[in-house]
Peer 1: 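My questions will all concern the structure given below.
From a predicted model like this one, the values you see are computed outputs, not experimental measurements. Lettering follows sequence order; numbering is per chain, from 1.
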Protein chains: 2
Amino acid sequence: MELPKYRKKAAVTSPTGTQAVDRAAQLLIEVARHRDPVTFTELITASGLAKSTTSRLLAALERNGLVRRDLTGRFSPGEVFVSYAWRGGAEADLVSVAQPVLAALGEETGETVNLGVARDGGLVEQIAQVDSKYLIGGTNWVGLRVPLHCAALGKALIAFGGAELPGGHLEQRTDRTVTSRAALADELTAVRERGYAVTVEELEPGLVAVAAPVFADGGIVIGALSVSGPASRLTTAVIPAAASNCMAAARSLSVLLGHDQPARGVQHAALAS
Amino acid sequence: MELPKYRKKAAVTSPTGTQAVDRAAQLLIEVARHRDPVTFTELITASGLAKSTTSRLLAALERNGLVRRDLTGRFSPGEVFVSYAWRGGAEADLVSVAQPVLAALGEETGETVNLGVARDGGLVEQIAQVDSKYLIGGTNWVGLRVPLHCAALGKALIAFGGAELPGGHLEQRTDRTVTSRAALADELTAVRERGYAVTVEELEPGLVAVAAPVFADGGIVIGALSVSGPASRLTTAVIPAAASNCMAAARSLSVLLGHDQPARGVQHAALAS
DNA sequence: TTGGTAGTTCCATACTACGGAACCTTGTTC
DNA sequence: GAACAAGGTTCCGTAGTATGGAACTACCAA
């Protein structure tokens, strides 16, 4: 009886002519995705590859600075990742990754759409925007920073752990701004239950907004997506619909960023069956 | 006359059994290294690969979320990078990338060695440390944040554009702290010329330190490396030697992070000759 | 010493990645 | 608006690179 030198695979593996690259990419993603260093054995089981193949591919990745092994032989993202992250290019890239999602949400709701991220000092900054289709709508808010507690974006961030409410006085922006920490805590609980945050004239009279959190790999909240408009259009009757669109968009963006994406690549998914 | 189907290469290409992965890694690094999106053609010339091969490899990288193409077809780092950068894992990874360099510098000088990065509010935080070999030396400073203007790490950061001096009053920590902006500006010019910063009892009486900047890809300053000790040991006579060691270590770390590294991978370097 | 675990190297094999050419798409020039 | 150019993708037969099993090394524990 002869043993086949190559195991025949049941599932068709990528007919794209890039098997090795796909496999290496999967290994790299597996390393980049985890918060803690990953062991060689974990990578073998995660990828389903042969020891020798995994060893060879990882050596190639390491040689190129894409992964790094610590003293115990475990793998972490390499210098290329570290260097990229420190360079600060990620914010610009986040904006461009998000742009299509914002555009779609703007199309659906017709209102001003913003992507916000937490900043030091209890602020949230809008880093991308799609303008309202109406004549009355938001001006350009990109670069604008507002307190977390009176913005929908800010509430969404705090509620899901993407920002922390600073100590001290909570500024009373309008007569509807929530400045009691107890009331705010109750509201944040509601935000977590609903999945979205609302502000009704708490930041500026006549301004209503809803916002939902955006997650990256590993469930970390990196920002929030908001829909804002005048109180005359965003009435209590239409807020739920806008919020629903907003949450769906936030979820899409999260998936784009690798959150809860079951199998990112092409091959090996079938092998698990 | 027959045309060879495969072009014979003069230089031996990676005898490691990972040609495709190495090539893909080079393309990925080329994309991650640049601040601005890179075009397909630029990648072809940079890699020296055939159009078809480049197209296939880039498609594989894109499919796996490692690169992304914008509307004009140019390439940026993909969601995997964006997600990694936002997760904040880069700081821990920087510490572990830097650890061997710090250890070597500590071995050479015998003094306390620190890696510092800029924080909001005109502060510098020490994120990694190697302790002095002497009984009198620095305590554990990891996590400690001090004003930029009176720390060697801070001066090195400001001088090379890695941090900005905040407006307002410059705190007088000791009677030797430089609090005049004009005097500080002069000193920063000297730092740029020398390549390293010095503080002599400007942060705490009896404490002397030298520091040199650490660069990442593209010349961005991401942190600084310092050597600190008591004024009794770090006298004006030995400061230049310590500074020289410190600068060499900072340069090593910069190279590790991809700064000015002529050819990171294995192949293609030979093709340029 | 023996056994076990973790990972690397070797090797013949055969399948995957190769590059040239054809082809497609988009934008530009008369 | 036809012809051209530039940028990029798909196709294809071929060859040489990636493959996985086995042998091997290194380290640790009992």
Peer 1: Would you please name every residue forming a ring pair (Phe, Tyr, Trp, His ring centres under 6.0 Å) with Phe81(A), sequence neighbours left out?
Peer 2: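 If we apply the ring pair (Phe, Tyr, Trp, His ring centres under 6.0 Å) test to Phe81(A), skipping adjacent residues, the hits are Phe81(B), Tyr84(B).
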Peer 1: Using atom CG of Leu57(B) as one end and atom C1' of dT9(D) as the other, report the distance to the nearest whole Å.
Peer 2: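 After rounding, the reported distance stands at 14 Å.
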Peer 1: On DNA chain C, does the nearest nucleotide to Ser55(A) precede the nearest nucleotide to Ala20(A) from the 5' side, or the other way round? Give the residue.
Peer 2: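 Looking at the nearest nucleotide for each, Ser55(A) comes out on the 5' side.
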Peer 1: Is there any side chain to side chain donor-acceptor pair (under 3.5 Å) pair reaching into residues 94-110 of chain B, and which pairs are they, with sequence neighbours excluded?
Peer 2: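 Applying side chain to side chain donor-acceptor pair (under 3.5 Å) to every pair that reaches into residues 94-110 of chain B, excluding sequence neighbours, yields Arg68(A)-Ser96(B).
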Peer 1: Whole angstrom is fine here: how far is it from CG in Leu43(B) over to C1' in dG8(D)?
Peer 2: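 Leu43(B) atom CG is separated from dG8(D) atom C1' by 13 Å.
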Peer 1: Got a second to check how far Asp22(B)'s CG is from Asn64(A)'s CG, nearest 0.5 Å?
Peer 2: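 Result: 5.0 Å between the selected atoms.
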Peer 1: Under 4.0 angstrom, heavy atoms only, what part of the nucleic acid is Thr41(B) near: base, sugar-phosphate, or nothing?
Peer 2: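 It contacts sugar-phosphate atoms only.
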Peer 1: Under 4.0 Å from OP1 or OP2 of dA18(D): is there any side-chain N or O of Gln19(A) that close?
Peer 2: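 No, Gln19(A) has no side-chain N/O under 4.0 Å of OP1/OP2 on dA18(D).
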Peer 1: Taking 4.0 Å as the cut-off, does a side-chain nitrogen or oxygen of Arg56(B) come that near to OP1 or OP2 on dG20(C)?
Peer 2: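 False: Arg56(B) side-chain N/O out of range (4.0 Å or more) of dG20(C) OP1/OP2.
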Peer 1: Which heavy atom of Val31(B) sits nearest a heavy atom of Pro77(B), and at what distance?
Peer 2: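 The answer is CG1-N, 3.5 Å.
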Peer 1: Can you measure Lys51(B) atom NZ to dC23(C) atom P for me and round it to whole angstrom units?
Peer 2: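 In whole Å, dC23(C) P lies 14 Å from Lys51(B) NZ.
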Peer 1: Given atom CD of Glu42(B) and atom P of dA6(D), what is their separation to the nearest angstrom?
Peer 2: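 Checked: the CD to P distance equals 17 Å.
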Peer 1: To the nearest Å, give me how far apart CG (Leu27(B)) and P (dC18(C)) are.
Peer 2: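 Roughly 10 Å, once rounded to whole Å.
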Peer 1: Ser52(B) side chain: which of dT10(D), dT19(D), dC10(C) is closest?
Peer 2: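 From the listed options, dT10(D) comes nearest.
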Peer 1: Using whole Å, what does the distance between atom C1' of nucleotide dT9(C) and atom CG of Leu58(A) come to?
Peer 2: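 Atom-to-atom, Leu58(A) to dT9(C), this comes out as 15 Å.
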Peer 1: Rounding to a whole Å, what distance do you find between Asp22(A):CG and dA18(D):C1'?
Peer 2: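 Those two atoms, CG and C1', are 14 Å apart.
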Peer 1: Measure from CZ on Phe40(B) to C1' on dA6(D) and round the result to the nearest Å.
Peer 2: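 It works out to 12 Å between those atoms.
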Peer 1: Would you classify Arg74(A) as touching base, sugar-phosphate or nothing, given that sugar-phosphate means primed atoms plus P, OP1 and OP2, and contacts are heavy atoms under 4.0 Å?
Peer 2: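 No contact.
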Peer 1: Measuring to OP1 and OP2 of dT8(C), would you say a side-chain N or O of Arg69(A) lies under 4.0 angstrom away?
Peer 2: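 Yes, such a contact exists.
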Peer 1: Would you please confirm or rule out a distance under 4.0 Å between OP1 or OP2 of dG20(D) and any side-chain N or O of Arg23(A)?
Peer 2: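 Yes, Arg23(A) has a side-chain N/O under 4.0 Å of OP1/OP2 on dG20(D).
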Peer 1: Distance under 6.0 Å and angle within 45° of the ring axis: does Arg233(A) meet both against Tyr134(A)?
Peer 2: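 Pair Arg233(A)/Tyr134(A) counts as cation-pi.
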